[in-house]
Amino acid sequence: MHITELPKDILDEISKKLSYEDYVNLKLTSKVVNDQFTTFDNQMSKTGGSIIKACQYGMECMVENFNYRILDKNTIIECLYIVCERGYLQLCKVLYKQLCSMSMSMSVSDDVNINSILRGESNYILRVSSENGHLDIVKWVYDTAQLNISDIRSVYCYSLHTAMRNGYTGVVRYLWSKGLTPEDIMEGDFVNTIYEVCKSKNKKMIGYLVKWLLYYINNNTNNTNNNIQLAKLLFKKLISNKRLYHADLIYNTGFILNIKTKYKILQNVLRMNSIKCLSWLWSKGVVIDDLFVRESLYMELPSLRYNTIEWLFNNGLDIKHFTNKEYCLFERLMECGFNTLKKVLNRLGENYIGMLSSKQIYNSIIFAIHTQQLNKIRFMCNKYLTKKILNNKKDNISYLINQSTCKSNILLYIIKCMIKHDIKISYITMYEIIVEIVLENKYSQLITLHSIPQYTKLVSSIINTYNNELLSNSLSCESLELTKFIYENGPK
């Protein structure tokens, strides 16, 4: 036997003890039609809380049969807001009839014009229904309340823009048809709309966005500066989202030809690593010149993938741009990933090294050490580190090794490079390095130095000679391992 087949008196007792959640679950899981739950509805409709929950669930039977005499106007309005937000048009009509009945102290039939009652709440209803994309409720409010846009301009603008930001094409199209003016576009914070719509990547909304801007530009000729700023902003966002068809429409307005703006846009495109967008910009007359390199490429080179750089090489980028003293791309190239760095340097060829100064190469190796990427350090040292670059200067050698103490494997590699190029580390330089290692509590680096056959005796000699000083330093660092090693290698 199904629960609804029970006698009425039993059903009444059950409904008194049934929680609202259980009631809703029973109703939602049952295959019985709504009118079979009338007994339950009547029992659950004794408090205002139950009607609010009924509105949240969209339960037409309960809302239509509720005893509204026990409620005040504010509770009914609260229910109205709920059903508008959730898109229950039929419940909107039911609740409005109750509001009208309460205000006029009489029942209201379906054909009674509730225009005056509806207008009182239309602002919020329009906002919330537009924001949530309920086109049927938006239409109903407009048609029933006979709204005049000029009377609710700010609400209209807010609704139009929020619907666009949330991607509700039907609501946008309907509101647009009600009399959009150029001022309405700005009233609803068009700049924020540009950001939100482009971020959503909704093709239809982006199309409307461009349509809005072109409409605004064509009908707002007195404020040219504002037109330019909006065109630039939207153009940048369209390019960033690779909406080239729509970007072309904005480009044709002629507002984005400013030199500074052009290179700023180029900078954004480079950051995107979009060859498609680069090709489109090149079709508009962009070329690789000194200004492009200085304003755009120099800033974004570290973020470029190799296929983007290769495209630039094929479209005018040249070796001379990597040797310019004013904006040396070589320095920025060192910030690229290892694979990109390696491929670009190989592409530039062996002759490129002769165009760089010893100082540039030395600084690039130091930078590679700072990044602590051993593969990059190996590549740079194998390809560019020479005795001539170091010039056998104590300061250069000392600084290079000191920087290498950041990691044991890097230190070991740099020392081996020195040995390979027959560059000897002096007693004083080695002493300074050991003191630095001890002060910074780098036990593994000291072990590494001591393990290199060519420098084992030198390291042991320094530890033995300056044992007291090094022990004092190691004790101050509270390093047991370091102190033990220095003590064991000190005077017997």
Under a 3.5 Å cutoff, is there a donor and acceptor pairing between the side chains of [X] and [Y]?
| X | Y | value |
| --- | --- | --- |
| Arg173 | Tyr208 | yes |
| Thr193 | His161 | yes |
| Thr162 | Ser130 | no |
| Tyr431 | Glu469 | yes |

Can you tell me if [X] uses its side chain to pair, donor with acceptor, with the backbone of [Y] under 3.5 Å?
| X | Y | result |
| --- | --- | --- |
| Ser364 | Ile361 | yes |
| Thr340 | Cys336 | no |
| Lys376 | Gly337 | no |
| Arg332 | Met299 | yes |
| Asn166 | Glu131 | yes |
| Thr456 | Ile452 | yes |
| Arg271 | Glu300 | no |
| Asn202 | Met205 | yes |
| Ser460 | Lys457 | no |
| Gln360 | Ser357 | yes |

Do [X] and [Y] have side chains that get closer than 4.5 Å, going by heavy atoms?
| X | Y | value |
| --- | --- | --- |
| Phe313 | Asp318 | no |
| Val344 | Glu310 | no |
| Tyr362 | Ser358 | no |
| Asn473 | Ile486 | no |
| Val435 | Tyr466 | no |
| Met430 | Leu449 | yes |
| Asn409 | Thr448 | no |
| Ser159 | Leu175 | yes |

[atom1]-[atom2] distance between [X] and [Y], expressed to the nearest 0.5 angstrom:
| X | Y | atom1 | atom2 | value |
| --- | --- | --- | --- | --- |
| Ile401 | Ile433 | CD1 | CD1 | 4.0 Å |
| Ser404 | Leu411 | OG | CG | 6.0 Å |
| Ser279 | Asn315 | OG | CG | 7.0 Å |
| Leu278 | Leu281 | CG | CG | 6.5 Å |
| Leu317 | Phe292 | CG | CZ | 7.5 Å |
| Leu89 | Ile137 | CG | CD1 | 5.5 Å |

Over all atoms of both residues, closest heavy-atom pair of [X] and [Y]:
| X | Y | result |
| --- | --- | --- |
| Gln372 | Ile410 | CA-CD1, 3.7 Å |
| Cys381 | Ile365 | SG-CG2, 4.0 Å |
| Ser474 | Val438 | N-CG1, 3.7 Å |
| Leu333 | Leu301 | N-CD2, 3.7 Å |
| Arg305 | Asn273 | N-OD1, 2.7 Å |
| Leu266 | Ser296 | CB-OG, 3.6 Å |

Inset, instruction - Give a yes or no on whether the ring-centroid distance for Tyr88 and His134 is below 6.0 angstrom. - result: no

Legend entry - Candidate pair Ile206 and Lys203, rule side-chain contact (heavy atoms from CB on, under 4.5 Å), full reasoning: CA-CA 5 Å; Ile206 289 175; Lys203 292 182 180 180; 5.8 Å; no

Inset, instruction - Test side-chain contact (heavy atoms from CB on, under 4.5 Å) on Asp422 and Lys424 and set out the steps. - result: CA-CA 6 Å; Asp422 196 26; Lys424 295 181 179 180; 4.2 Å; yes

Inset, instruction - Would you sort out whether Ile288 and His321 count as a side-chain contact (heavy atoms from CB on, under 4.5 Å), showing the intermediate values? - result: CA-CA 10 Å; Ile288 293 179; His321 297 121; 3.9 Å; yes

Inset, instruction - Give the ring-plane orientation class for Phe379 versus Phe338, where under 30° counts as parallel, over 60° as perpendicular and anything between as tilted. - result: perpendicular

Legend entry - Lys484/Glu481 under salt bridge (Lys or Arg N to Asp or Glu O under 4.0 Å): CA gap, chis, key distance, verdict: CA-CA 5 Å; Lys484 184 179 178 181; Glu481 290 179 323; over 6 Å; no

Inset, instruction - For Tyr352, look at atom OH and say whether over 12 heavy atoms of other residues, nucleotides or ligands are found less than 6.0 Å away. - result: yes

Inset, instruction - Kindly check if the number of other-residue, nucleotide or ligand heavy atoms within 6.0 Å of CG (Asn382) is above 12? - result: yes

Inset, instruction - Under the side-chain contact (heavy atoms from CB on, under 4.5 Å) rule, what do Ile77 and Tyr124 come out as? Steps first, then yes or no, please. - result: CA-CA 11 Å; Ile77 291 174; Tyr124 183 83; over 6 Å; no

Inset, instruction - Tell me, with the steps shown, if Phe485 and His450 meet ring pair (Phe, Tyr, Trp, His ring centres under 6.0 Å). - result: CA-CA 11 Å; Phe485 180 82; His450 190 264; 5.4 Å; yes

